Student: 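Okay, handing you the structure first.
Keep in mind that what you see is a predicted model, and the values were worked out from it rather than measured.
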Protein chains: 2
Amino acid sequence: MVEDHPVVIEGLRRILAQEMPHATLLEFHTGDAFLQHLRGAQHVVTLALLDITLPDTNGVELCQKVKSQSPDTCVLGFSNHNDRALIMQMLSSGASGYLLKNVSARELMQCVREALSGQMAFSDEIKKIIAKPSAAQVKAVPPLTKREKQILRLIADGKTSADIAAELLVSPFTIETHRRNLMQKFDVNNAAALIRLAAQLQLI
Amino acid sequence: MVEDHPVVIEGLRRILAQEMPHATLLEFHTGDAFLQHLRGAQHVVTLALLDITLPDTNGVELCQKVKSQSPDTCVLGFSNHNDRALIMQMLSSGASGYLLKNVSARELMQCVREALSGQMAFSDEIKKIIAKPSAAQVKAVPPLTKREKQILRLIADGKTSADIAAELLVSPFTIETHRRNLMQKFDVNNAAALIRLAAQLQLI
DNA sequence: TCCCCTCTACCAGAAAACCAGTAGAAAAAA
DNA sequence: TTTTTTCTACTGGTTTTCTGGTAGAGGGGA
């Protein structure tokens, strides 16, 4: 486990000692300490319970590093944050699941077992969050025309207005106009912000 | 089901008729047809099996629309694509699971039942893909310095070099240099492409 | 100690983007 | 068919970014 709250550490330790007496449990209080251990690699770490808010890094970053250094290690996020976007980031960084810190001992052990058997594992509250996307996220997509979507993607590819104009066989002025309309719809004033929003809304 | 391949339709129909004889099965061949049905809303659709490659739209977009129009409908992605990023997009668009078209009847029905009971559901091959991120995705992150990450985020916020300079109390020239270094590291030549890559790599 | 990396800073010119406004043709919706 | 939306195109001016240099200060490791 990688966790910096003593109370949580103690709780986990007891539950695990009781439920899986033969497992070896290691504790780390910072992300770096854990990564360093992985590099040493005396033991193969089969499952890592990562706190998301650590003093020296964040869960997503740590998760990526862990998976890139030790791809077979199963990672479970473990935190108080129930933000959907964060959970998704953890999953796409390679986590096998995510638990809220308010899990019961039963839930915890079930998730651990599921994860060890190769399944995805979530605590009950997290399942609910994952099941339906936040209304805000889905709602806030401004209606884009076909042409606008097309041009948005080309902008994201790093093409200039001139490039795009050449590709679509229209005037560069036209592309500039589309750019302007896109920025207006998203209420931003440059391409960088535009692309970030578009990426968040899965438009590219 | 929303699906445009007759063979697949027929296969699904038979399996479902046998395994869940009391369920009502509706077919749509385009995304729009399905959305229109949802608007009509004679029946409550409890579970939708969405093909990802449809003639008039893509799975991610359709999934978002479906969930925003009918949040309680359970959506399962159903496709030949086993691209990790795509699956993640589907999940964060509200899908409850994802199946490859090569699933066995047994697997299919298991996933359907899991999804109906509120769980996430994946076919076996998909589970493997989700379990470990593609090496490329994790590896290809260029090493950024602290300052660079910070500036990257500010660029994504739509701030100009002058804005950022004022915020960080350094010269605008300095920010320009950082911008240049960032673009070089990501091998792109403007902020739009930079931000897209950064977003894909979860850096912002 | 020397070297490498990071962060800082500057110049100058070219290229691109951004802003504000206008407007016609075509396509889609009412 | 009328109306609205979308796509197209332009002028002209301002701001910002991008490119290609250069370079010093400070920290950390070899």
Student: Identify the heavy atoms of A:A192 and B:I155 that sit nearest to each other, and give their distance.
Tutor: CB-O, 3.4 Å

Student: The criterion is salt bridge (charged side-chain N to carboxylate O under 4.0 Å, His left out); which residues satisfy it with A:R180, sequence neighbours excluded?
Tutor: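 Not a single residue meets the salt bridge (charged side-chain N to carboxylate O under 4.0 Å, His left out) criterion with A:R180.
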
Student: For the CD1 atom of B:I151 and the CD atom of B:E176, what is their distance to the nearest 0.5 Å?
Tutor: 10.5 Å

Student: Shoot me the first and last contacting nucleotide of DNA chain C against chain A, ordered 5' to 3', at under 4.0 angstrom to non-hydrogen atoms.
Tutor: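 For DNA chain C, the relevant span reads C:dA16 to C:dG21.
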
Student: Would you please say whether a donor-acceptor pair under 3.5 Å links the side chains of A:R147 and A:Q150?
Tutor: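 A pair is found: one side chain offers a donor N or O, the other an acceptor, under 3.5 Å apart.
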
Student: Mind running a 4.0 Å heavy-atom check of residues 190-197 of chain B against DNA chain D and sending the residues that fall below it, in number order?
Tutor: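 Heavy-atom contacts with DNA chain D come from B:N190, B:A191.
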
Student: Applying salt bridge (charged side-chain N to carboxylate O under 4.0 Å, His left out), can you list everything that pairs with B:D163, at least two apart in sequence or on another chain?
Tutor: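 So B:D163 forms no salt bridge (charged side-chain N to carboxylate O under 4.0 Å, His left out) with any residue.
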
Student: Quick one: salt bridge (charged side-chain N to carboxylate O under 4.0 Å, His left out) partners of A:K101, sequence neighbours excluded?
Tutor: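 Salt bridge (charged side-chain N to carboxylate O under 4.0 Å, His left out) check on A:K101 returns A:E3, A:D51.
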
Student: Only counting residues at least two apart or in another chain, list the ones meeting side-chain contact (heavy atoms from CB on, under 4.5 Å) with B:R153.
Tutor: B:K149, B:I204

Student: Could you give me the CA-CA distance, side-chain angles and deciding distance for A:V170 and A:I164, then say whether side chain to side chain contact (heavy atoms under 4.5 Å, CB included) is met?
Tutor: CA-CA 8 Å; A:V170 296; A:I164 299 171; over 6 Å; no

Student: Under 4.5 Å between any side-chain heavy atoms of B:M109 and B:Q18, yes or no?
Tutor: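 A side-chain contact is absent here, since even the closest heavy-atom pair is not under 4.5 Å.
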
Student: In whole angstrom, what separates A:N189's CG from D:dT17's C1'?
Tutor: 14 Å

Student: Considering residues at least two apart in sequence or located in another chain, which fulfil the side-chain contact (heavy atoms from CB on, under 4.5 Å) criterion with B:C111?
Tutor: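 Partners of B:C111 under the side-chain contact (heavy atoms from CB on, under 4.5 Å) test: B:L99, B:A121.
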
Student: Nearest 0.5 Å, please: how far is CG in B:L76 from CE in B:M1?
Tutor: 13.0 Å

Student: Pull out every residue in residues 162-185 of chain B that has a heavy atom closer than 4.0 Å to any atom of DNA chain D, ordered by number, or say none.
Tutor: B:E176, B:R179, B:R180, B:M183

Student: Under a 4.0 Å heavy-atom cut-off, which of residues 150-161 of chain A touch DNA chain D?
Tutor: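 Those residues: none at all.
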
Student: Between A:V188 and B:T145, just flag the one whose closest nucleotide in DNA chain C comes earlier from the 5' side.
Tutor: B:T145

Student: If you count heavy atoms of other groups shown closer than 6.0 angstrom to CZ of B:R113, is the number above 12?
Tutor: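 Enclosed: over 12 neighbouring heavy atoms sit under 6.0 Å from CZ of B:R113.
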
Student: The criterion is side chain to side chain donor-acceptor pair (under 3.5 Å); which residues satisfy it with B:T177, sequence neighbours excluded?
Tutor: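 By the side chain to side chain donor-acceptor pair (under 3.5 Å) rule, B:T177 matches no residue at all.
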
Student: Quantify the bending of the helix from C:dT1-D:dA30 to C:dA30-D:dT1 as the angle between its end axes, each fitted on five pairs, to 10°.
Tutor: 70°

Student: Is there a donor-acceptor pair under 3.5 Å between the side chain of B:D157 and the backbone N or O of B:K159?
Tutor: no

Student: Suppose we screen for side-chain contact (heavy atoms from CB on, under 4.5 Å). Which residues come up paired with A:E148, at least two apart in sequence or across chains?
Tutor: A:L144, A:T145, A:H178, A:N181, A:L182, A:K185

